[in-house]
Amino acid sequence: MLNHNGAGTTRAGRTTPRSRRTVAGLCTIALVAFGASLTAGAASANVVADAAGGAPANTAASSSGTVHYVHTHGRTVRVETHGRHGVVAQHGARSQARVRPQAGGDLIYNGGPVEHSPTVYLVFWGNQWDSDSNGVQSYLQGFFGGLGGSGDNWSTIMTQYTDSSGSGPSFNGSVLGGTWVDDSSSAPSNASQSDIAAEAVVGAQHFGVSGPDADVFVVSPSGTSPDGFPNSGFCAWHDWNGTTAYTNMPYVLDAGSGCGANSVQNQLDGYSIVGGHEYAEAVTDPEPSSGWVASDGEENGDLCAWQGLTTLSLSTGTYAIQPTWSNNAGGCATSG
């Protein structure tokens, strides 16, 4: 994440008559101290300019990230950005050989939350989704509609990762909480990270949800470049926007085999491979990186990216998936 530090104000001195020099000196000391406090405050702020529709967004520093005020859907939305986590690099963009953590030093708990009742909300962003000839909407609804239910012994790998309360994720039915096609307008052609975070907030408000158990997938339409996709070299990433976990899910078909098309069964494979990767990471690290993370900063999906691709048979169909890291198994696993 690129952060630009704001500059503080500078005060110019002025000359006074000798008879008033003592009083002026005392005032100057007070003014300098006050100016220094303003400078320190301004220097701590991270300022960028990105908002839906290209208008400047008001931003400020937060102890937990950068705060943006994005104008969208006729209102101003406050969001936080913390970086791009669980980045799925395009297939072949880097060596697929992985250095696995040493036994006993796998994923490390960092004191934050995990999802206890993981729930995914799909937001198909833009009126471009009013037409979906490739069946992306039904594929993603089927995949997440089946996860958490009977036959899903892949999500259960994550139950080993508990938080400070001693509780971990549990799966007692479909993780799909809802689907919304936000066709109030077209999705931006070049959405920034704060735009994506704001769309996730709008989606969460539509569903009436918040908190770490809610994971909003912002699914962009074909021909758009959310956060620079596909030229930025990633397939997807996730983050926390201050109220919910969310995933930037581009139209991965636009990247072809680089994001998993036809890697196992069909051209839509990438949606379940990449989408499953981000889902697994949000379950165990919804507020990155306060959950379960390896010593090098990678999450459970990262450690197994593009390895051992296989299929998962769910009540809703059969879908392509990647393994995810299991501390219990000491490696990448597809069941647990």
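Remember, predicted model here, so these are calculated numbers, not experimental data. No hydrogens, no waters, no symmetry mates; every other heavy atom, side chains included, goes into these values.
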Will you find, in the side chains of [X] and [Y], an N or O donor that is under 3.5 Å from an N or O acceptor?
{"X": "N134", "Y": "Y251", "answer": "yes"}
{"X": "N127", "Y": "S186", "answer": "yes"}
{"X": "S165", "Y": "D163", "answer": "yes"}
{"X": "D227", "Y": "W237", "answer": "yes"}
{"X": "E299", "Y": "T284", "answer": "no"}
{"X": "D195", "Y": "S192", "answer": "yes"}

Side-chain contact test, heavy atoms from C-beta onward, threshold under 4.5 Å: evaluate it for [X] versus [Y] and give yes or no.
{"X": "P250", "Y": "N248", "value": "yes"}
{"X": "R75", "Y": "Q205", "value": "yes"}
{"X": "C259", "Y": "F229", "value": "yes"}
{"X": "V209", "Y": "T119", "value": "no"}
{"X": "N300", "Y": "V283", "value": "no"}
{"X": "T162", "Y": "Y109", "value": "no"}
{"X": "S263", "Y": "H91", "value": "no"}
{"X": "L140", "Y": "F124", "value": "yes"}

In Å, rounded to the nearest 0.5 Å, how long is the span from [atom1] of [X] to [atom2] of [Y]?
{"X": "S257", "Y": "Q90", "atom1": "OG", "atom2": "CD", "answer": "9.0 Å"}
{"X": "E115", "Y": "S170", "atom1": "CD", "atom2": "OG", "answer": "11.0 Å"}
{"X": "I321", "Y": "D152", "atom1": "CD1", "atom2": "CG", "answer": "8.5 Å"}
{"X": "Q265", "Y": "T310", "atom1": "CD", "atom2": "OG1", "answer": "9.0 Å"}
{"X": "D106", "Y": "L303", "atom1": "CG", "atom2": "CG", "answer": "8.5 Å"}
{"X": "D215", "Y": "Y246", "atom1": "CG", "atom2": "OH", "answer": "11.5 Å"}

Do you know which two heavy atoms are closest between [X] and [Y], and how far apart they sit?
{"X": "V218", "Y": "W125", "answer": "CG1-CE3, 3.4 Å"}
{"X": "E287", "Y": "P212", "answer": "OE2-CB, 4.3 Å"}
{"X": "P226", "Y": "F234", "answer": "O-CZ, 3.5 Å"}
{"X": "W325", "Y": "I157", "answer": "O-CG2, 4.1 Å"}
{"X": "V264", "Y": "D269", "answer": "N-OD2, 2.7 Å"}
{"X": "W129", "Y": "Q137", "answer": "O-NE2, 2.9 Å"}

Kindly say whether [Y] contributes a backbone atom to a donor-acceptor pair with the side chain of [X] at under 3.5 angstrom?
{"X": "Q193", "Y": "T81", "value": "no"}
{"X": "N241", "Y": "D239", "value": "no"}
{"X": "Q322", "Y": "G301", "value": "yes"}
{"X": "Q128", "Y": "A187", "value": "yes"}
{"X": "Y161", "Y": "N327", "value": "yes"}
{"X": "D213", "Y": "S117", "value": "yes"}
{"X": "D182", "Y": "V123", "value": "no"}
{"X": "N110", "Y": "G291", "value": "yes"}

List the steps and the verdict of side-chain contact (heavy atoms from CB on, under 4.5 Å) for V181 and D130.
CA-CA 8 Å; V181 177; D130 290 343; 4.1 Å; yes

H116 vs V114, side-chain contact (heavy atoms from CB on, under 4.5 Å): CA-CA, chis, key distance, verdict
CA-CA 6 Å; H116 292 166; V114 299; 3.9 Å; yes

Tell me, with the steps shown, if V274 and W306 meet side-chain contact (heavy atoms from CB on, under 4.5 Å).
CA-CA 9 Å; V274 172; W306 302 117; 4.2 Å; yes

Relative to the ring of Y139, is the ring of Y319 parallel (under 30°), tilted (30 to 60°) or perpendicular (over 60°)?
perpendicular

Parallel, tilted or perpendicular: which describes the rings of Y279 and F144, with under 30° parallel and over 60° perpendicular?
perpendicular

Shared hydrophobic cluster, I273 / V136 (ILVMFWY, side-chain heavy atoms < 4.5 Å):
yes

Could you walk me through whether L122 and F143 satisfy the side-chain contact (heavy atoms from CB on, under 4.5 Å) test, starting with their C-alpha distance in whole Å, then the side-chain angles of each, then the deciding distance to 0.1 Å, before giving a yes or no?
CA-CA 11 Å; L122 298 173; F143 178 56; over 6 Å; no

Test applied, side-chain contact (heavy atoms from CB on, under 4.5 Å); reference residue, T247; option that passes from H85, H277, H238
H238

Output, in order, the C-alpha distance, side-chain angles, deciding distance and verdict of side-chain hydrogen bond (donor to acceptor under 3.5 Å, both in side chains) for S326 and Q160.
CA-CA 8 Å; S326 168; Q160 66 189 277; 3.1 Å; yes

